[in-house]
Number of protein chains: 2
Amino acid sequence: MAISPLAMKRFRDHLATQGLKLTSQRKAIAEVFFAGDKHLSLLEILDQSKSIQRGIGYATVYRTMRLLTEGGLATEHKFGENQARYEPAIDGEHHDHLICLDCGIIVEFEDDEVEKMQEKHAAANGFAVVSHKHEVYVKCVPGRCRRPGGVRL
Amino acid sequence: MAISPLAMKRFRDHLATQGLKLTSQRKAIAEVFFAGDKHLSLLEILDQSKSIQRGIGYATVYRTMRLLTEGGLATEHKFGENQARYEPAIDGEHHDHLICLDCGIIVEFEDDEVEKMQEKHAAANGFAVVSHKHEVYVKCVPGRCRRPGGVRL
DNA sequence: ATCTCTGCAAACCGTTTGCAATTAT
DNA sequence: ATAATTGCAAACGGTTTGCAGAGAT
């Protein structure tokens, strides 16, 4: 659970260049977000932030995560829930997700081949790719569940 | 805009086996859904259904589409909107989507290669694929827009 | 006759915003 | 000093449901 000093610096810089302020709330939220488990929901971030800075409100978490998302430091996902989840974004990197319906675990994977095929299909139809969402919903192979009983989705 | 008699028959059968009734409302909704443009929202289906059967309510459309979805006759999508869209489902078939952010057009494509790669990544992580969501967001190549000015998303 | 279905209106749930008080610069 | 930020509570928007009356078998 070590905080990423790099990410925090990027956040600081982003705020500075926009003329925005680094408040204790934003700091707490960023610490939770950059240090914690990936793919947290707003409520989970709020909850964990409160143990650093009590009294933080949902709206502040919401607005801070929007700030991070717009600044390219966070990516928002909706994994078949009606709730958003956030993960730290690393500049040019991109990956897709395996989401386990049994245990809720989310595993990332990269695949250049898939990206190439997307380009191909887009071009064939007169389009240029802007972004994509590629989520593979899976179930554990019997006996190989990493989190028995830990259902989330 | 011809109605698919096949799909309608499947709907009839599905209702019959479940002990459910074929009402004039359900018929109107199914006609719109199976005959019309693909990827309609609930509101769009409601709107079009009203011209066949006036007085239809939103809740009925909602419940009928849930019926169709659960019965495997419809597939629900959320294309980066906060609103669901539905398309007729054809038994074993599956396809992915190109969604144009310029003009709102949604184009379908199939790719067995991509599916194979999904299997590969899932297996490598101890999972079995259940389903997937693969949406490629695109923009029109200049001069090749099929629906100039017809923005939806 | 019986059990399903409908439309309405209200509840829901996550997200988004207006506002008066607070805080970082 | 000044402009940004916060927490609250209310608004929003799509979805979901309870219920009494209408309808299909």
Side-chain angles (χ1 to χ4, degrees), chain A residues 8 11-32 39-47 49-71 74-86 152-153, chain B residues 8 11-32 39-47 49-71 74-86 152-153:
Chain A
M8 190 57 92
F11 183 35
R12 250 175 227 283
D13 290 352
H14 181 65
L15 290 174
T17 54
Q18 308 264 42
L20 304 178
K21 295 168 181 173
L22 178 58
T23 62
S24 60
Q25 290 92 331
R26 283 179 179 167
K27 207 160 138 188
I29 292 164
E31 279 179 19
V32 166
H39 311 302
L40 298 174
S41 68
L42 287 179
L43 243 25
E44 289 167 349
I45 296 170
L46 172 62
D47 221 48
S49 299
K50 276 181 176 166
S51 55
I52 299 180
Q53 261 287 316
R54 58 191 196 67
I56 289 186
Y58 181 93
T60 301
V61 176
Y62 166 74
R63 289 187 274 232
T64 301
M65 292 315 296
R66 181 167 61 184
L67 207 57
L68 287 167
T69 303
E70 288 173 354
T75 308
E76 186 183 299
H77 293 284
K78 289 208 176 168
F79 295 120
E81 300 170 298
N82 47 349
Q83 177 185 204
R85 291 185 176 278
Y86 298 83
R152 186 172 65 196
L153 292 178
Chain B
M8 190 58 92
F11 184 35
R12 249 176 227 283
D13 291 350
H14 181 64
L15 290 175
T17 54
Q18 307 265 40
L20 305 178
K21 295 169 181 172
L22 178 58
T23 62
S24 60
Q25 291 92 331
R26 284 180 179 166
K27 207 160 140 189
I29 292 165
E31 279 178 20
V32 165
H39 311 302
L40 299 174
S41 68
L42 287 179
L43 244 24
E44 288 167 350
I45 296 171
L46 171 61
D47 222 48
S49 299
K50 276 181 176 165
S51 55
I52 299 180
Q53 261 287 316
R54 57 192 196 68
I56 289 186
Y58 182 93
T60 301
V61 176
Y62 166 75
R63 288 187 274 231
T64 301
M65 292 315 298
R66 181 167 60 185
L67 206 58
L68 287 166
T69 303
E70 288 172 355
T75 308
E76 185 183 300
H77 292 286
K78 289 207 177 168
F79 295 121
E81 299 171 298
N82 46 349
Q83 177 185 205
R85 290 186 178 277
Y86 298 83
R152 187 172 65 195
L153 293 176

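Because only heavy atoms are used, hydrogens play no part in the values below, and waters and symmetry mates are left out as well, while side chains stay in.
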Test: B:E76 and B:R66 ion pair at under 4.0 Å: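 No.
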Out of C:dC5, D:dT17, D:dG14, whichever nucleotide has its closest atom nearest the side chain of B:R63: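 So the side chain of B:R63 is nearest to D:dT17.
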Shortest non-hydrogen contact from A:M8 toward A:E31: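 For A:M8 versus A:E31, the nearest heavy atoms are CE-CG, 3.4 Å.
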A:K78 NZ to D:dG14 P, straight-line distance once rounded to whole Å: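 Distance, rounded to whole Å: 12 Å.
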Name of the residue among B:R85, B:K78, B:H77 meeting side chain to side chain donor-acceptor pair (under 3.5 Å) with B:E81: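 The single option meeting the side chain to side chain donor-acceptor pair (under 3.5 Å) with B:E81 is B:R85.
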Minimum-distance nucleotide (side-chain atoms of B:L20 versus D:dC8, D:dT17, C:dC5):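 My answer, after comparing the listed nucleotides, is C:dC5.
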N/O (side chain, B:Y58) to phosphate O (OP1/OP2, C:dC8) under 4.0 Å: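 For C:dC8, neither OP1 nor OP2 has a side-chain N or O of B:Y58 closer than 4.0 Å.
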Between C1' of D:dG14 and NE2 of B:H77, the distance in whole Å: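 Rounding to the nearest Å, NE2 of B:H77 and C1' of D:dG14 are 18 Å apart.
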Rounded distance (Å) that lies between atom C1' of D:dT6 and atom CG of A:L15: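 The distance from CG of A:L15 to C1' of D:dT6 comes to 15 Å, rounded to the nearest Å.
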Of A:R54 and A:G19, the one whose closest DNA chain D nucleotide lies more 5':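 The residue whose closest nucleotide sits nearer the 5' end is A:G19.
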Heavy-atom side-chain proximity of A:Y86 to A:T69 below 4.5 angstrom: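 Answer yes - side chains close enough.
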d(CG, B:L22; C1', C:dC3) in whole Å: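 Between C1' of C:dC3 and CG of B:L22: 17 Å.
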Residue-phosphate contact under 4.0 Å: A:R26 side-chain N/O, D:dT6 OP1/OP2: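 Yes, because at least one side-chain N or O of A:R26 sits under 4.0 Å from OP1 or OP2 of D:dT6.
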Sugar-phosphate only, base, or nothing, as touched by B:L42 at under 4.0 Å among non-hydrogen atoms: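 Answer is sugar-phosphate: B:L42 comes under 4.0 Å of backbone atoms only.
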Closest-nucleotide 5' rank along DNA chain C - winner of A:A84 and A:K21: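 Comparing both residues, the 5'-ward one is A:A84.
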Whole-Å distance separating the CG atom of A:L67 from the P atom of C:dT15: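 These atoms are roughly 17 Å apart.
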Sugar-phosphate, base or nothing in reach of A:L43, heavy atoms under 4.0 Å: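 No contact.
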Proximity to the side chain of A:T23 - top-ranked nucleotide from C:dG7, C:dT15, D:dT6: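 Comparing C:dG7, C:dT15, D:dT6 against the side chain of A:T23, the answer is D:dT6.
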Between D:dG23 (P) and B:Q53 (CD): distance, integer Å: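 Answer to the nearest Å: 11 Å.
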Any donor-acceptor N/O pair, A:S49 side chain to A:I45 backbone, under 3.5 Å: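 The answer is yes, because a donor-acceptor pair under 3.5 Å joins these two groups.
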Close side-chain approach of A:R26 and A:L20, heavy atoms under 4.5 Å: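 A side-chain contact exists here, since the closest heavy-atom pair is under 4.5 Å.
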Spacing of B:I45 atom CD1 relative to D:dT15 atom C1', expressed in whole Å: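 Interatomic distance, CD1 of B:I45 to C1' of D:dT15: 14 Å.
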Nucleotide nearest B:Q83 when distance is taken to its side chain, options D:dG23, D:dA4, D:dG14: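 Between D:dG23, D:dA4, D:dG14, the one nearest the side chain of B:Q83 would be D:dG14.
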For atom CZ of B:R66 and atom C1' of C:dC5, their distance in whole Å: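 It is 13 Å, rounded to the nearest whole Å.
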Minimum-distance nucleotide (side-chain atoms of A:A59 versus C:dA9, D:dG7, C:dT4):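 My answer, after comparing the listed nucleotides, is D:dG7.
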Per A:Q25 side chain, nearest of listed nucleotides C:dT17, C:dG14, D:dT6: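 Nearest listed nucleotide: D:dT6.
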Residue A:N82, side-chain heavy atoms: nucleotide from D:dG18, C:dG14, D:dG14 that is nearest: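 So the nucleotide nearest the side chain must be C:dG14.
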Residue A:Y62, side-chain heavy atoms: nucleotide from C:dT16, C:dT23, D:dG14 that is nearest: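 So the side chain of A:Y62 is nearest to C:dT16.
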